[in-house]
Amino acid sequence: MIDLAAHRLDALVAFHGHFCPGLATGVRVAEAALQALGARAEDEELVAVVETNNGVVDAIQFLVGCTYGKGNLIHQDHGKNVFTIARRSDGKAVRIATKPRAGHDLTPEQEQLVARVRARDATDAERQRFAALWEERGRAILEMPMEELLEIELLDNYALPDCAAIEPSVVCDDCGALVMASRLAAHGDQRLCATCVAEQGHTSLRVTEIGVVENELLPGAAPARARSPRSRVVVHEAYQQGLQGLAPGQTVDVLFVFSEAPAEAPLLQHPRGDSTAPKRGVFALRSPHRPSPIGLTAVEILEVAPEGLVVAGLDAWHGSPVLDIKPHVS
Ligand SMILES: [Zn+2]
Ligand SMILES: [Zn+2]
């Protein structure tokens, strides 16, 4: 059984704010992680990827030493009770999931009590009964055999996220807050934080993926600027009605995303990547490396089906998200 003194349970409870079943589960998750991987992370020796935010995460921060502030706690907001803790030195990792606890269901009265407390309309007496119930359930979790509570899987060569970046903080040109340099966005000749960009209306752009390209042009393997003689533009179900009125033989413009293009797009580039040709501005080129990586190609419709089009002459790679289809006007 876990040595509570060694795990500084009192200090953990003070950190979280109260003792509860979630925190107790976290103590056991931390125990399993440290058993598998060794000592607590003083620095970034261990990394935790947590797929939910609850009391378990506070126990992981406190007991395993993977903390939000050090950057070795990564929250993926899936609402899933799955916690993967990995060791940087050798990529060894442990994936810990909480099991449904058979035989530990609440009675209907207890369920009512919990609902009233969560809705914040419990009386003082009810809150006391709730606290006692939660304390009892938490204690039971601390004593349970590990295998009843947790699903534990050891992983080799876990694909570790990069070490936390240490970056300079730069002043946002609008609000003046200090912001991580990589989080500032260029806006005209200003560099702005995300909130200021949003306030200036830049998030009002509304672009939706309406479908996806299927063809033989595989990313990385297809020659640059190859056109496919036959591509399927598969339209997502919600947008299929929009295909009404299109017919074989018609020319349409397909707008798609260069999803494989790198994020940085130099404003001056060699045409067709030919380094012997003088550089030109990106807006004078059809390069996929652009501030808005959108492609536009006029194609001929070969077939119209309820779930999309078959077209000739599309130069989008297999898997490219499609943003729009519209009749071509020369
Ligand atoms: Zn709690
Ligand atoms: Zn700002």
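Just follow the structure's listing: the first ligand is 1, and inside any ligand the first atom is 1.
With salt bridges taken as basic N to acidic carboxylate O contacts below 4.0 Å, one links Glu42 and Arg40. Salt-bridge check for Glu303 with Arg230: passed, with a basic side-chain N closer than 4.0 Å to an acidic carboxylate O.
Looking only at distances, no side-chain donor or acceptor of Gln61 sits under 3.5 Å from a matching main-chain atom of Asp58. For the pair Asn215 (side chain) and His318 (backbone), a donor-acceptor distance under 3.5 Å is present.
Of the angles at the Zn ion (ligand 2), the one spanning SG of Cys172 and SG of Cys193 is 110° when given to 10°. At the Zn ion (ligand 2), the vertex angle linking SG of Cys175 with SG of Cys196 is 110° (nearest 10 degrees).
Within His18, the N/O/S atom positioned nearest the Zn ion (ligand 1) carries the name NE2.
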